[in-house]
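Remarks on the structure that follows.
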2 protein chains.
Amino acid sequence: MRPEDLPEVRHLPLFRDMDKNNFDELLGRSYDQTFPAGLEMIRQGDPADFLHVVLDGAVELYGKWGGRECTMAVIRPVSTFILAACIKDLPYLMSARTLERSRILLIPAPDLRTTFRRDTEFAVSVINELAACYRAVVRNTKGLKLRNSRERVASYFLRQSRLLDDAPSYMLPVEKRLLASYLGMTPENLSRTLKALESHGVKVNGMRVIITDRVKLAELAQPDILIDGPDPDALGSGSSLPPVQRRA
Amino acid sequence: MRPEDLPEVRHLPLFRDMDKNNFDELLGRSYDQTFPAGLEMIRQGDPADFLHVVLDGAVELYGKWGGRECTMAVIRPVSTFILAACIKDLPYLMSARTLERSRILLIPAPDLRTTFRRDTEFAVSVINELAACYRAVVRNTKGLKLRNSRERVASYFLRQSRLLDDAPSYMLPVEKRLLASYLGMTPENLSRTLKALESHGVKVNGMRVIITDRVKLAELAQPDILIDGPDPDALGSGSSLPPVQRRA
DNA sequence: GCGAAAACTTGACGCAGATCAAGTTTTGGC
DNA sequence: GCCAAAACTTGATCTGCGTCAAGTTTTCGC
């Protein structure tokens with residue numbers, strides 16, 4: 001891997017507190033690999049051989065069943081994903097494909113497991129990471145079961161804005177097609193919902209989201225700390241889209 | 001707590017590998033409390049002061065938003081719940097109420113956190129528990145997003161049967177009202193779905209489920225290892241109903 | 001074991017959201 | 001910068017599921 005990536009990986013909550021030597025050894029056993037866009041890197045059901053770290057690009061995690069697919073998360077640099085499968089040494093529950101050309105660091109799962117057994121600080125980090133991931137998925141489930149799709153879209157927009165210090169405008173971090181699937185709806189329904197939301201305080205123009213009336217939007221979305229955070233959550237939780245890019 | 005409960009708690013995957021002295025100390029600092037039926041023991045948003053262990057009775061975990069509620073899980077003895085909130089020292093994401101008179105062991109969260117810092121085996125157990133919980137919730141999410149309600153009911157029935165070595169008949173572990181909410185549907189819709197499933201290999205009579213044609217039912221449910229398990233999962237994962245009682 | 005409350009069922013109806021089928025716009029490779 | 005492919009939008013239609021309302025059955029406290 002490129003030497004300039006090392007500090008970025010080291011600064012991840014998962015790795016920042018572990019012993020320096022253990023970190024170096026773990027990274028030393030890892031592989032830096034580049035994948036073209038649109039490649040299925042992981043097929044759900046495959047044995048979990050490596051913890052993945054996105055160094056560059058973007059990766060979609062999704063589930064398949066029968067002929068259907070649903071987007072579970074999109075991971076952007078620098079974050080890890082599929083930690084739980086590696087720890088349990090069980091098959092991946094989700095598939096992963098690159099959305100663009102991506103550089104991925106592959107950390108062998110067995111090394112991961114031996115490392116947290118001998119490095120308490122790392123074990124604590126793993127515990128915190130997993131607990132955060134778990135809570136992220138639970139919050140996501142609550143949103144899916146308690147809100148209808150219009151409410152999910154509205155609260156997604158507010159949540160993203162909040163991550164940018166309540167920015168009134170920002171760019172969507174992913175295509176609408178993916179956003180729709182992530183939110184558990186069809187692209188057609190999302191499209192119509194966006195139009196309907198124009199009278200509720202938010203306007204979407206291409207990839208740009210413009211919050212025109214935050215109060216009105218919040219009235220509809222009824223943002224809830226126990227669903228929308230903030231909660232210092234893991235990004236690679238397998239249930240969130242990446243934070244938005246700030247307006248240029 | 002009653003001395004006869006101790007071995008049952010000790011045999012939980014979360015506690016069985018830790019140092020005996022640490023276990024005894026942890027339990028020594030805990031409280032054994034009995035709650036009447038129908039009591040809201042935990043209100044979502046409360047600070048996570050205790051890890052809960054159901055010793056007797058049954059506890060429903062549920063989420064609230066606006067005026068709506070949804071059942072996330074039902075916990076039966078002997079299992080723990082809300083581990084993640086305790087570890088992160090963050091508010092509970094779910095509320096909990098007793099479904100019947102229940103005896104609960106309360107383990108102070110701070111003691112929990114200090115214990116896994118000095119007991120590696122316990123830390124590893126916590127890691128495994130959290131990873132299992134995480135995977136359970138992810139599988140649950142996949143089921144919610146990829147299956148329609150009829151498919152969810154059908155696969156729930158098959159899953160329960162499989163937990164009893166493919167028993168052709170068993171009793172529902174919870175009221176239909178709860179099952180409906182857990183599966184993300186209304187009681188009315190569940191009721192109608194049950195009738196419709198009679199021509200697809202399963203008959204429900206009161207609380208009794210009778211699988212009349214396993215092949216036909218499986219055709220509809222399309223059971224999938226990556227959604228329905230088996231996967232040696234945590235029961236207190238916050239996303240499953242208890243295993244069924246075997247036919248008397 | 002009686003009576004009220006809760007759980008469950010059934011029917012009628014409406015709506016949110018899926019599906020199908022064209023368009024139109026945007027993206028990206030050569 | 002052009003062209004094809006993909007993403008997005010829009011409309012028409014259908015349907016799964018929620019809602020409301022009125023039973024019926026089961027449960028449970030006294």
Side-chain angles (χ1 to χ4, degrees), chain A residues 36-39 57-58 60 65-71 74 97-101 143-154 156 171-200 203-209 220, chain B residues 36-39 57-58 60 65-71 74 97-101 143-154 171-198 200 203-209 220:
Chain A
L39 188 90
E60 177 194 3
W65 180 76
R68 303 169 213 169
E69 273 189 24
C70 73
T71 301
V74 172
R97 70 165 74 93
T98 50
L99 293 175
E100 28 186 284
R101 181 179 167 84
L144 276 176
K145 289 179 81 171
L146 290 167
R147 285 173 169 154
N148 64 27
S149 51
R150 201 177 57 161
E151 291 159 346
R152 290 200 295 277
V153 174
Y156 174 77
M171 303 302 285
L172 285 175
V174 295
E175 292 177 340
K176 288 179 193 165
R177 182 179 58 89
L178 282 181
L179 177 60
S181 179
Y182 171 70
L183 294 173
M185 54 202 295
T186 59
E188 294 97 321
N189 189 24
L190 174 60
S191 195
R192 279 184 255 271
T193 302
L194 292 184
K195 202 191 283 185
L197 284 179
E198 287 182 13
S199 57
H200 290 272
K203 175 116 185 47
V204 178
N205 213 310
M207 293 270 99
R208 161 141 286 137
V209 178
L220 179 68
Chain B
L39 187 90
E60 177 194 3
W65 180 76
R68 302 168 214 171
E69 273 190 23
C70 71
T71 301
V74 172
R97 70 163 77 93
T98 50
L99 293 176
E100 27 187 285
R101 180 179 167 84
L144 275 176
K145 289 179 81 172
L146 290 167
R147 286 173 169 154
N148 64 29
S149 50
R150 201 178 58 161
E151 291 160 345
R152 289 200 296 276
V153 174
M171 302 302 285
L172 285 175
V174 296
E175 292 177 340
K176 290 180 192 163
R177 183 179 58 89
L178 282 182
L179 177 60
S181 178
Y182 170 70
L183 293 173
M185 55 202 293
T186 59
E188 294 95 324
N189 189 24
L190 175 60
S191 195
R192 279 184 256 271
T193 300
L194 292 184
K195 201 190 286 185
L197 284 180
E198 287 183 13
H200 290 271
K203 174 115 185 50
V204 178
N205 213 311
M207 294 268 99
R208 159 142 287 136
V209 179
L220 179 69

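We use all heavy atoms of the structure for the numbers below, so side chains are in, but hydrogens, waters and symmetry mates are not. It should be emphasised that the depicted structure is a prediction, and the values quoted were computed from it without experimental measurement.
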Exercise. What distance separates B/Asn205 CG from B/Met171 CE, expressed to the nearest 0.5 Å?
Worked result: 9.5 Å

Problem set entry | B/Asn205 CG - C/dC8 P separation (whole Å) | 14 Å

Exercise. Can you check whether A/Arg208's main-chain N or O pairs, donor with acceptor, with A/Lys203's side chain at less than 3.5 Å?
Worked result: no

Exercise. Rounded to the Å, how far apart are A/Leu146 CG and C/dA16 C1'?
Worked result: 17 Å

For this session: Please work out which residues in residues 187-196 of chain B have a non-hydrogen atom less than 4.0 Å from an atom of DNA chain C and list them by number.
Result: B/Glu188, B/Ser191, B/Arg192, B/Lys195

Exercise. Are any of the side-chain heavy atoms of A/Asn189 and A/Ser149 separated by less than 4.5 Å?
Worked result: yes

Exercise. Base, sugar-phosphate, or nothing: which does A/Gly184 touch, judged by heavy atoms less than 4.0 Å apart?
Worked result: sugar-phosphate

Exercise. Among B/Val153, B/Leu179, B/Asn148, which residue meets the side-chain contact (heavy atoms from CB on, under 4.5 Å) test with B/Met185?
Worked result: B/Val153

Problem set entry | Any donor-acceptor pair under 3.5 Å from A/Thr98 side chain to A/Leu39 backbone | yes

Exercise. For residues 178-197 of chain A, which residue pairs qualify under salt bridge (charged side-chain N to carboxylate O under 4.0 Å, His left out), counting only residues two or more places apart or in two chains?
Worked result: none

Exercise. In whole Å, what is the span from the NZ atom of A/Lys203 to the P atom of D/dT9?
Worked result: 10 Å

Exercise. Is B/Ser181 reaching over with its side chain to a backbone N or O of B/Thr71, donor-acceptor style, under 3.5 angstrom?
Worked result: yes

For this session: Starting from C1' on D/dC8, measure out to CD on A/Glu175 and report it in whole angstrom.
Result: 10 Å

For this session: For residues A/Leu99 and A/Glu175, determine if any side-chain heavy atom of one lies less than 4.5 Å from a side-chain heavy atom of the other.
Result: no

For this session: Enter the inter-axis angle for the ends of the helix from C/dG1-D/dC30 to C/dC30-D/dG1 (five pairs per end, rounded to 10°).
Result: 70°

Seminar exercise, completed: Residue set satisfying salt bridge (charged side-chain N to carboxylate O under 4.0 Å, His left out) with B/Arg97, at least two apart, ordered chain then number -> B/Glu60, B/Glu69

Problem set entry | For atom CG of B/Asn148 and atom P of D/dG18, their distance in whole Å | 11 Å

Exercise. When the distance from CG of A/Leu183 to P of C/dG17 is rounded to whole Å, what number comes out?
Worked result: 12 Å

For this session: Please identify each residue that fulfils side chain to side chain donor-acceptor pair (under 3.5 Å) with B/Arg101, with sequence neighbours left out.
Result: none

For this session: Whole angstrom is fine here: how far is it from CG in A/Leu144 over to P in C/dG17?
Result: 12 Å

Exercise. Can a side chain N or O of A/Thr186 be found less than 4.0 Å away from OP1 or OP2 on C/dA18?
Worked result: yes

For this session: For B/Lys145 and C/dG17, give me the distance from atom NZ to atom C1', rounded to whole Å.
Result: 15 Å

Exercise. Within the distance-only criterion (no hydrogens, no angle test), does the side chain of A/Lys176 pair as donor or acceptor with the backbone N or O of A/Gly206 below 3.5 angstrom?
Worked result: yes

Problem set entry | Any B/Lys176 side-chain nitrogen or oxygen under 4.0 Å from OP1 or OP2 of C/dT9 | yes

Exercise. Going 5' to 3' along nucleotides 24-30 of chain D, which nucleotides have protein heavy atoms under 4.0 Å from the base (write B), which only from the sugar-phosphate (write S), and which from neither (write -)?
Worked result: -------

